[in-house]
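All values derive from a computational prediction rather than experimental measurement.
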Amino acid sequence: MIVTLIVICEVGFWVLLAAGLGLRYLAKMPRTGAAVLLCEPLLEVVLLVVTVLDLRAGADPDWKHGLAAVYIGYTAAFGHYTVRWLDGHARHRLAGGPPPVKPPRFGAARARHEVRLWLRTVAGAGLAAALLQIGVWYVDDPERTASLTSWQGFAGRAVLIHGLIALSYVLWPKKPKGEGEGNAPGAADRAGAGKDAVRPVEDRAGR
């Protein structure tokens, strides 16, 4: 039941997103479209409530409850970011708005972008870990909650791996291809020397 509800929530997320953007930019009903988009968080609330009720009914905590917590954390951290990104594209494609600003690709700006994305992962993993810990306290049986604690470890590893990726952009900033070409030491000097080498010939020809 929990897995089915997660699938329903994921499908519902994209259905509400498409409906909200369609109402805003195709049907010219911006307020109605915004209201539909604001319904997105209700999906996570429903999933949370059903998960809690399932545990209260005596269900043994297992991977399905852990997956639900991680899903809620992920959508809470990245849901608004995804909606805003797609809204910018829809405004450009359907309403003649300006092209959406693309994320930076190089240098310190790209590093800051990657760090901000990592902070979202930290927030999502933190929320998931908190929900899992509440489940552990609620059940109060270490033998039955081993699956929940393993999902906490999964959330921690996701933070670590994403953090290493973001750190790589900080320590080794990505540069455009070909950057630095023509700036090699001596290149300008050689070019200047070539020009000077022609001048005596021109002077002799003029004489």
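By the criterion of side-chain heavy atoms lying less than 4.5 angstrom apart, applied directly or through intervening Ile, Leu, Val, Met, Phe, Trp or Tyr residues, L119 is not grouped with I161; the two fall into different hydrophobic clusters. L86 and L94 fall within the same hydrophobic cluster, defined by Ile, Leu, Val, Met, Phe, Trp and Tyr side-chain heavy atoms under 4.5 Å apart, directly or through other members. Taken together through direct or relayed side-chain contacts under 4.5 Å among Ile, Leu, Val, Met, Phe, Trp and Tyr, V139 and W151 form parts of separate hydrophobic clusters. If you chain together hydrophobic residues whose side chains sit under 4.5 Å apart, V45 and L53 fall into the same group. Both W14 and V83 belong to a single network of hydrophobic side chains, linked directly or stepwise wherever heavy atoms of I, L, V, M, F, W or Y lie under 4.5 Å apart.
Interatomic distance, CD1 of I6 versus CG of L47, reported as 5.5 Å (0.5 Å rounding). Distance CG/L55 to CD1/I134: 11.5 Å, rounded to 0.5 Å. Rounded to the nearest 0.5 Å, atoms OH (Y71) and CD (E44) are 5.5 Å apart. Between the NE2 atom of H65 and the CG atom of D60 there is a distance of 8.5 Å, given to the nearest 0.5 Å. Considering CG of L43 and CG of L48, their distance stands at 12.5 Å, rounded to 0.5 Å. Atom CG of L37 sits about 8.0 Å away from atom CG of L16, to the nearest 0.5 Å.
No more than 12 heavy atoms of other residues, nucleotides or ligands lie within 6.0 Å of NZ in K102, so this atom counts as exposed by the packing criterion. For CZ of R144, the number of neighbouring non-hydrogen atoms (other residues, nucleotides, ligands) closer than 6.0 Å is greater than 12.
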Inset, instruction - Check the pair F106, K175 against side chain to side chain contact (heavy atoms under 4.5 Å, CB included), reporting the backbone distance first and the verdict last. - result: CA-CA 5 Å; F106 308 109; K175 298 180 180 180; 5.5 Å; no
Legend entry - Test log, rule side chain to side chain contact (heavy atoms under 4.5 Å, CB included), inputs W63 and V3: CA-CA 10 Å; W63 65 272; V3 175; 3.5 Å; yes
Inset, instruction - Go through the steps to decide whether W118 and E114 satisfy the test side-chain hydrogen bond (donor to acceptor under 3.5 Å, both in side chains), and finish with yes or no. - result: CA-CA 6 Å; W118 175 70; E114 294 295 333; over 6 Å; no
Inset, instruction - Show the numbers, then the answer: is there a side chain to side chain contact (heavy atoms under 4.5 Å, CB included) between V115 and V170? - result: CA-CA 8 Å; V115 169; V170 174; 3.9 Å; yes
Inset, instruction - Starting from the C-alpha separation in whole Å, work towards a yes-or-no answer on side chain to side chain contact (heavy atoms under 4.5 Å, CB included) for V70 and F154. - result: CA-CA 9 Å; V70 170; F154 171 83; 4.2 Å; yes
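Scanning for side chain to side chain contact (heavy atoms under 4.5 Å, CB included) contacts around D87 gives L21, R24, Y25, R91, with sequence neighbours left out. For F78, the ring-ring contact (aromatic ring centres under 6.0 Å, His included) partners at least two apart in sequence or on another chain are Y74.
Shown here for T121 and A158, the closest heavy-atom pair between the two residues is CG2-O, 4.2 Å. Considering all non-hydrogen atoms of both residues, A69 and A128 come closest at O-CB, 3.5 Å. Scanning both residues, L5 and V46, for their nearest heavy atoms gives CD2-O, 4.3 Å. Nearest heavy-atom pair, A155 versus A125, reported as atom, atom and distance to 0.1 Å: O-CB, 3.8 Å. Across all non-hydrogen atoms, the minimal contact from I72 to L127 is O-CD2, 4.2 Å. Contact between G135 and T145 at its shortest, heavy atoms only, is O-CG2, 4.5 Å.
Residues L117 and H162 are in side-chain contact: their nearest non-hydrogen atoms beyond the backbone lie under 4.5 Å apart.
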